[in-house]
Each structure stands twice: as C-alpha cells, then as structure tokens.
Number of protein chains: 2
Amino acid sequence: MGMKANGKISTAVIRRLPKYRRILQELMVKGVERISSNELSALTGFTASQIRQDLNNFGGFGQQGYGYNVEGLHGQIGNILGLDREYRMAIVGCGNLGQAIANYATYYKTGFVVTSMFDVNPKLIGISINGIEVQDYSEMQSCLEKNPVDIGIICTTKGSAQDVADKLCNGNVKGIWNFAPTDINVCEGMVLENVHLSDSLNTLAYFISHNDPRNEA
Amino acid sequence: MGMKANGKISTAVIRRLPKYRRILQELMVKGVERISSNELSALTGFTASQIRQDLNNFGGFGQQGYGYNVEGLHGQIGNILGLDREYRMAIVGCGNLGQAIANYATYYKTGFVVTSMFDVNPKLIGISINGIEVQDYSEMQSCLEKNPVDIGIICTTKGSAQDVADKLCNGNVKGIWNFAPTDINVCEGMVLENVHLSDSLNTLAYFISHNDPRNEA
DNA sequence: TCATATTTTTTATTGTAATTACAAATTTAT
DNA sequence: ATAAATTTGTAATTACAATAAAAAATATGA
C-alpha cells in the first residue's frame with residue numbers, strides 16, 4: 001500500500017491522474033464509496049486495464065474482490081500530484097485571461113492561491129481583483145523577493161513572454177504556467193507547462209476539416 | 001509531392017503540426033527562406049528524424065540536399081490543418097475567459113471569426129465585445145439556425161457545460177472547444193477539443209512537487 | 001464454512017511511436 | 001564536370017505504452 005513510484009513515471013500516465021481524481025471527486029459528492037476499474041473505465045474512457053496499471057505505478061490502492069475506495073483513492077492521487085500542500089502563484093498580465101485565471105484559481109482551486117498580480121498597463125495597476133491589487137510589472141522582482149511564489153503564470157502577449165519568463169527564472173519560481181502563444185526558454189530546473197490555445201484550436205480545425213471525430217483531447 | 005495522407009495519422013503527429021507551423025511563421029517573418037530538419041529540430045525540440053517522418057506522412061515537402069522551403073512548408077501544413085478556409089465560431093459564456101478568447105481570436109487568429117456570443121447574465125446581455133453583441137443564451141438555438149457556426153466554444157461553469165454541449169449538438173455545430181472544467185458528452189460525429197486548465201495545473205503541481213523539470217508540455 | 005463471483009496485482013504479449021541508420025537525390029565547391 | 005558535403009525519404013530497429021492473460025486475494029451467498 002501507498003506510494004512506491006521508484007522509476008520515472010511516463011508523462012502519459014501523469015497526465016491521466018488529474019482526470020481520475022476529478023471523476024473520483026464527483027463520485028465522492030454523489031456519495032459513492034467504492035468503485036471498480038471497470039466502472040472507472042466507463043467514466044473516464046480509458047481501459048480498465050490501463051487504469052489499474054496506471055495506479056499500480058504508485059502502489060496497490062485497491063483491494064482484490066472489492067475495488068477501490070473512492071475517498072481513499074482520491075486522497076492518494078492528490079498526494080501523488082502534490083496537492084497536499086499550498087502553491088502560491090503570481091499572475092503576470094492582468095487582461096481578461098489573467099483575470100479569468102485569477103477568478104478560477106480563487107473560487108475553484110483550493111491549494112492554489114494567487115498572491116500577487118502584475119501588469120504594465122497604468123489603467124490596470126492599482127485596481128483590485130479578488131482582493132489582490134495589481135502591481136507595476138517593473139516592481140515584480142522586488143515583490144517576489146519579499147513574497148516568493150511557487151508558480152508564475154504568464155498571461156501576456158507573445159512579445160513580452162520571454163522577458164517575463166527570464167524575470168520569473170531569476171525570481172526563484174519553481175514552475176511557469178505559460179499561456180502566451182509562443183515557446184519560451186526557461187532556466188535549468190524550471191518546470192514549464194504550456195497552454196497553447198492556438199495549437200489547440202488548429203488541432204480542432206484539423207479534425208473538423210477531416211471529418212474525424214476522434215474524441216478526447 | 002503534396003498531401004498523401006492515406007492511412008489515419010496518429011494524434012501525436014497532428015498535435016505537433018501546429019508547432020511546426022508556428023515556428024515556420026516566425027521564420028517567414030524573419031525572412032528565412034529555407035530550413036533543414038536539423039535546424040527545425042533545434043527550434044522545436046523534436047528530433048530531426050521525427051520531424052522528417054511526421055512531414056512524410058503527408059507528402060515529400062522537402063528536397064534532398066536543400067531542406068524545406070519555409071513558406072512552402074508553412075502553406076502545406078496550413079492546408080493539412082484545414083486552415084485554407086474560414087471557421088465561424090460562437091462563444092458561450094462571456095465572462096473574463098469568454099472575452100479573452102474573443103479578443104484572442106479577433107486579433108490573432110485569422111481564419112477564425114467569432115460571429116456570435118451568448119450568456120445568461122443580464123448584465124452582459126446587450127453589451128458589445130469586439131463589435132459582437134452578447135445575446136441571451138435562451139435565444140441561442142434560433143440564432144444558430146439563422147447564422148450557423150462551425151465551432152462552439154464553451155466558457156461557462158462546470159454546471160452549465162453539458163446543457164450548452166447538448167444545444168450545440170442540436171445546432172449543427174461541427175466542433176466544440178470546451179474550457180469548462182468537466183467532461184462533456186457530445187453527439188456522434190462531433191469533434192471535441194478539451195482545454196482542462198485544472199488538469200494542466202495539477203500536472204504542473206506534480207512536476208514541481210517531484211522536482212522533475214521534464215520540460216515541454 | 002465452502003464454493004463461486006469479483007476484482008486487483010503482476011507478468012507477458014502485442015501494438016505503436018520514436019529513433020537510428022542508410023540509400024538516394026541535390027547542392028555546393030573546385 | 002566531378003567530387004564532396006548536405007539533406008531528405010524511408011526501411012529497420014529500438015524503446016515505450018497499452019492491452020491481455022494469469023495469478024492471487026477478497027468478498028459474497030448458500
């Protein structure tokens with residue numbers, strides 16, 4: 001029981017974990033106590049055997065003849081994902097997208113706290129978003145020294161993204177969540193997660209134009 | 001030369017195409033005329049051989065001893081992705097996220113046109129976003145009959161997402177771009193592209209908490 | 001309590017994607 | 001015009017991920 005994870009786990013596996021957890025959370029809300037890999041297969045769209053193998057990378061969370069305890073497995077996956085702690089986040093670029101993410105994190109993602117927001121636009125500097133005052137981007141580095149964050153979120157234009165990334169790298173940030181429609185270079189050891197909406201939309205266009213509804217992104 | 005694509009191409013390949021095209025576009029802007037798979041490898045992070053194999057799924061776009069013509073390849077990938085036509089899009093849910101996407105599509109994505117926007121919030125209905133008036137969600141179905149769209153974009157809360165998806169399915173939409181943090185069921189033949197920000201953030205947390213900077217999402 | 005149904009765990013197999021290696025074509029330099 | 005260097009296209013190999021099968025453990029019901 002519990003957390004072996006010796007060898008490196010493939011990213012394919014890791015990217016399925018949040019979905020498992022999301023579905024387990026819904027089951028918890030519904031009061032479901034136990035679930036089999038077969039039932040989880042129907043809910044997730046992955047094969048039962050893949051689900052079992054994925055989970056077994058980390059430990060034997062199930063019980064033969066019984067299945068998985070919903071609440072227990074939900075907790076275990078949370079631990080694996082590192083959700084048993086709090087992440088402080090800074091949003092850079094406070095346009096609609098930055099604000100959307102601030103709202104989202106504030107209201108729906110416990111464990112992820114937006115602690116500071118930055119922009120260059122004088123019209124935005126000073127205003128308060130969910131109780132966080134937007135600060136001048138030129139002060140970001142000193143602000144991050146006083147109030148360090150774990151995650152920097154880039155919601156700027158393409159042109160500013162690399163500059164922001166550089167400053168975040170100097171600011172002792174551990175991970176960057178990049179929404180700017182460009183690739184950025186980050187320092188050694190930095191965790192980078194890109195959300196390339198443009199690529200996603202182009203992929204959607206491919207499937208539409210080829211009449212190929214290969215569902216599930 | 002040009003567009004074989006007989007057998008089904010794996011989604012892994014398709015999801016790399018937008019990045020190739022994005023980088024080729026930047027090269028075009030810089031005035032670069034030709035490029036080798038090796039140089040593309042350095043720019044994309046994929047191996048040169050993988051790039052050659054990816055492109056060869058669709059045809060021999062390169063020339064031995066010379067490489068690829070930047071503008072030509074950019075155009076070919078555009079054609080493969082189905083970007084040689086226009087896509088009409090409707091945004092459902094006009095909060096910050098919906099507005100962010102409206103702005104983004106309007107200013108940066110030629111070929112993708114936002115033609116209508118819908119919301120249930122009386123404070124938003126009637127206002128104009130980039131010249132598009134936000135309409136009452138209850139009128140969406142009749143609006144889509146008069147002015148059909150190719151793509152429906154779901155920017156609502158989790159709770160409303162399935163209802164929106166159902167109505168889009170009845171509205172002759174070809175593809176759904178889903179930003180709601182939940183899985184939705186769509187009708188047969190519908191193309192679905194999910195952008196699960198929650199899953200993306202949880203994945204980022206995994207790599208941070210495991211000190212595993214396996215760069216590139 | 002025992003036999004049977006479940007259902008996970010673990011191992012083996014298959015299938016798919018990525019890499020390597022090399023032959024064929026082209027360009028560049030002499 | 002010829003040789004050397006470049007670079008793609010593709011076949012062969014390797015590595016990896018997904019599936020299936022076998023084995024072990026537990027639960028259920030008579």
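Because the structure is predicted, anything quoted here is derived from the model rather than measured. Residue numbers begin at 1 in each chain, while the letters A, B, ... track the order of the sequences.
Between S49(B) and dT19(C) there is no side-chain polar atom (N or O) within less than 4.0 angstrom of OP1 or OP2. Distances shown here put a side-chain N or O of S10(A) below 4.0 Å from the OP1 or OP2 atom of dA17(D). Contact annotation: Q63(B) reaches the phosphate of dT27(C) (side-chain N/O to OP1 or OP2, under 4.0 Å). Note on N56(A): a side-chain N or O is less than 4.0 Å away from OP1 or OP2 of dT10(C). In this structure, S37(A) reaches the dT8(C) phosphate: one of its side-chain N or O atoms is under 4.0 Å from OP1 or OP2. Between T47(B) and dA18(C) there is no side-chain polar atom (N or O) within less than 4.0 angstrom of OP1 or OP2. Between R52(B) and dA21(C), a side-chain N or O to OP1/OP2 separation shorter than 4.0 Å is absent. Under 4.0 angstrom from either OP1 or OP2 of dA17(D) there lies no side-chain N or O belonging to R15(A).
In this entry the distance linking CG of N57(A) with P of dT11(C) reads 13 Å, nearest Å. Counting to the nearest Å, the P atom of dT26(D) and the OH atom of Y66(A) are 14 Å from each other. Between the CD1 atom of I35(A) and the P atom of dT6(C) there is a distance of 17 Å, rounded to whole Å. The separation between Q53(A) atom CD and dT10(C) atom P is 11 Å, rounded to whole Å. When rounded to the nearest whole Å, the span between CZ of R16(A) and C1' of dC16(D) equals 12 Å. Summarising the geometry, the separation between NZ on K8(B) and P on dT16(C) is reported as 14 Å, rounded to the nearest angstrom. Distance Q50(A) CD to dT10(C) P: 18 Å, rounded to the nearest Å. Atom CG in D54(A) sits about 13 Å away from atom P in dT8(C), given to the nearest Å.
No hydrogens or angles considered: nothing links the side chains of K174(A) and N211(B) as a donor-acceptor pair under 3.5 Å. Using modelled atom types, one finds no donor on one side chain facing an acceptor on the other under 3.5 Å when comparing Y104(A) with N96(B).
In this structure, dA11(D) is classed as anti because its glycosidic torsion departs from zero by more than 90°.
Under the 4.0 Å criterion applied to side-chain N and carboxylate O atoms, E193(A) and R15(A) are assigned as salt-bridge partners. Between D54(A) and K19(A) there is no salt bridge, since none of the side-chain N atoms of the basic residue sits less than 4.0 Å from a carboxylate O of the acidic one.
The nucleotide dT26(D) finds no pairing partner, because no Watson-Crick or G-U wobble arrangement with both distances shorter than 3.5 Å includes it. A 3.5 Å limit on both hydrogen-bonding distances identifies no Watson-Crick or G-U partner for dA5(C).
One can find a donor-acceptor pair under 3.5 Å joining the base of dT8(D) and the side-chain atoms of Q64(B).
D163(A) meets the salt bridge (Lys or Arg N to Asp or Glu O under 4.0 Å) test with K167(A); sequence neighbours excluded.
Nearest-nucleotide positions on DNA chain D place G62(B) closer to the 5' end than the other of T11(A) and G62(B).
Of the residues listed (N178(A), I154(A), T182(A)), the one engaging N194(A) in a side chain to side chain contact (heavy atoms under 4.5 Å, CB included) is N178(A), and it is the only one.
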